[in-house]
Amino acid sequence: GVKYRVCSSIPLDTPDEINQAVEILGKAGEAAKKSGLILCYHNHTHEFENVEGRVPYDVLLTQLSADVLKMELDLGWATKAGADPVELFRKNPGRYPLWHVKDLSADKQSPTEIGNGTVDFKRIFAQAKVAGMQHFFVEQDMATSPFDSITTSFKNLSQKILK
C-alpha cells in the first residue's frame, strides 16, 4: 500500500555532489516508477544555498522531470532558507504531493508549534491544489513536551489555518 518513497538527504555541498545526486535520484526515481512508486525528495535548508553558482534544489527540479522526482517540501526549513513555498508551487505545479508542516520561532532559528511561529500557513495551504498536495505531516523538531506541542499544533491547525 505504500505509494511514496522519500529520500531525506543526499550530499549536495559541491558541484560534483550535485551532479552525482541528479544521477542517483534519476536512477532511483526511474526504478521507483517501474515499481509503481513515486520518489520524493525531502529538503532541509542547505539545498537552497548557492554552490558555485548553482542552487541544488533548483538543479533537482530542473534536471529531473516531475515523473521521476517529486518533492516532500519541508515548509519550515524552506522558509528558514528564504525560499517562498507558494512561489515554488507556482513554478513547479503538481510537484509537491507531500508536505512537512513545520513552524519556526520569531527569529526563524528553531521549530515551534504550528500557528505559534512565523510561517504563513494560511497562504501556503491556499495553494495546496496548485502544489498537488496529497498528504501533510505535522512535525516539530526538538519539542520539549511532544504531546503538549502536538496538541497545540493540531488545535491551531484545525482552528486557525484549515478553517
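Numbering starts at 1 and runs along the sequence shown. The analysis underlying the following values was restricted to heavy atoms, covering all of them including side chains, and did not include hydrogens, waters or symmetry mates.
- When the shell of 6.0 Å around NZ of Lys155 is examined, it contains 12 or fewer heavy atoms from other residues, nucleotides or ligands.
- In the hydrophobic clustering of this structure, Leu162 does not group with Leu98; members are Ile, Leu, Val, Met, Phe, Trp, Tyr whose side-chain heavy atoms approach within less than 4.5 Å, directly or through other members.
- The distance from atom CD of Gln127 to atom CE of Met133, rounded to the nearest 0.5 Å, is 11.5 Å.
- We find the CG-CG distance between Asp141 and Leu104 to be 9.5 Å, quoted to the nearest 0.5 Å.
- Atom CG of residue Leu39 and atom CD of residue Glu30 lie 10.5 Å apart, to the nearest 0.5 angstrom.
- In this pair, His46 and His44 present their aromatic rings parallel. The plane angle is below 30°, not in the 30 to 60° band.
- Donor-acceptor pairing under 3.5 Å is recorded for the side chains of Glu47 and Tyr41.
- Residue pairs meeting the salt bridge (charged side-chain N to carboxylate O under 4.0 Å, His left out) criterion with at least one member in residues 69-84, sequence neighbours excluded, are Asp74-Lys102, Asp84-Arg123.
- Smallest separation of non-hydrogen atoms from Pro56 and Leu12: CG-O, 3.7 Å.
- Tyr57 and Val59 fall within the same hydrophobic cluster, where Ile, Leu, Val, Met, Phe, Trp and Tyr residues are linked whenever their side-chain heavy atoms come under 4.5 Å apart, directly or through other members.
- Looking at every heavy atom in both residues, Val55 comes nearest to Asn50 through CG2-CA, 4.4 Å.
- Summarising the geometry of Pro85 relative to Leu73, their closest heavy-atom pair is CB-CD2, 3.9 Å, with the distance given to 0.1 Å.
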CA sep, side-chain torsions, deciding dist, call: Gln140, Ile150, side-chain contact (heavy atoms from CB on, under 4.5 Å): CA-CA 8 Å; Gln140 181 182 342; Ile150 195 64; over 6 Å; no

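- Tyr4 and Phe89 fall into different hydrophobic clusters, defined by Ile, Leu, Val, Met, Phe, Trp and Tyr side-chain heavy atoms under 4.5 Å apart, directly or through other members.
- Separating the CG atom in Leu60 from the CG atom in Leu25 is a distance of 6.0 Å, to the nearest 0.5 Å.
- Closest of all the heavy-atom pairs between Val119 and Gly76 is CG2-CA, 4.4 Å.
- Glu113 and Ser153 form no side-chain donor-acceptor contact under 3.5 Å, judged by distance and modelled atom types alone.
- Across all their heavy atoms, Pro11 and Ala21 have their closest contact at O-CB, 4.1 Å.
- Note that NZ of Lys163 is 13.0 Å distant from CG of Leu157, once rounded to the nearest 0.5 Å.
- Side-chain contact of Asp103 with Asn116: a donor-acceptor pair under 3.5 Å is absent, judged by distance alone.
- Side-chain heavy atoms closer than 4.5 Å link hydrophobic residues (I, L, V, M, F, W, Y) into clusters, and following such links, even through other members, never connects Leu69 to Leu37.
- A donor and an acceptor atom, one from each side chain of Thr14 and Asp16, are nowhere located under 3.5 Å apart.
- Phe137 CZ: more than 12 foreign heavy atoms inside a 6.0 Å radius.
- Remark: side-chain polar atoms of Ser110 are not paired, donor with acceptor, to backbone N or O of Ser105 under 3.5 angstrom.
- In this structure, the separation between CH2 on Trp77 and OG1 on Thr79 is 10.5 Å, given to the nearest 0.5 Å.
- Note: the hydrophobic cluster containing Met71 also contains Phe136 (ILVMFWY, side chain heavy atoms under 4.5 Å, direct or indirect links).
- Residue pairs meeting the side-chain hydrogen bond (donor to acceptor under 3.5 Å, both in side chains) criterion with at least one partner in residues 17-27, sequence neighbours excluded, are Asn19-Arg54, Glu23-Lys27.
- Note on residues 86-101: pairs passing side-chain hydrogen bond (donor to acceptor under 3.5 Å, both in side chains), not counting sequence neighbours, are Glu87-Arg90, His100-Glu139.
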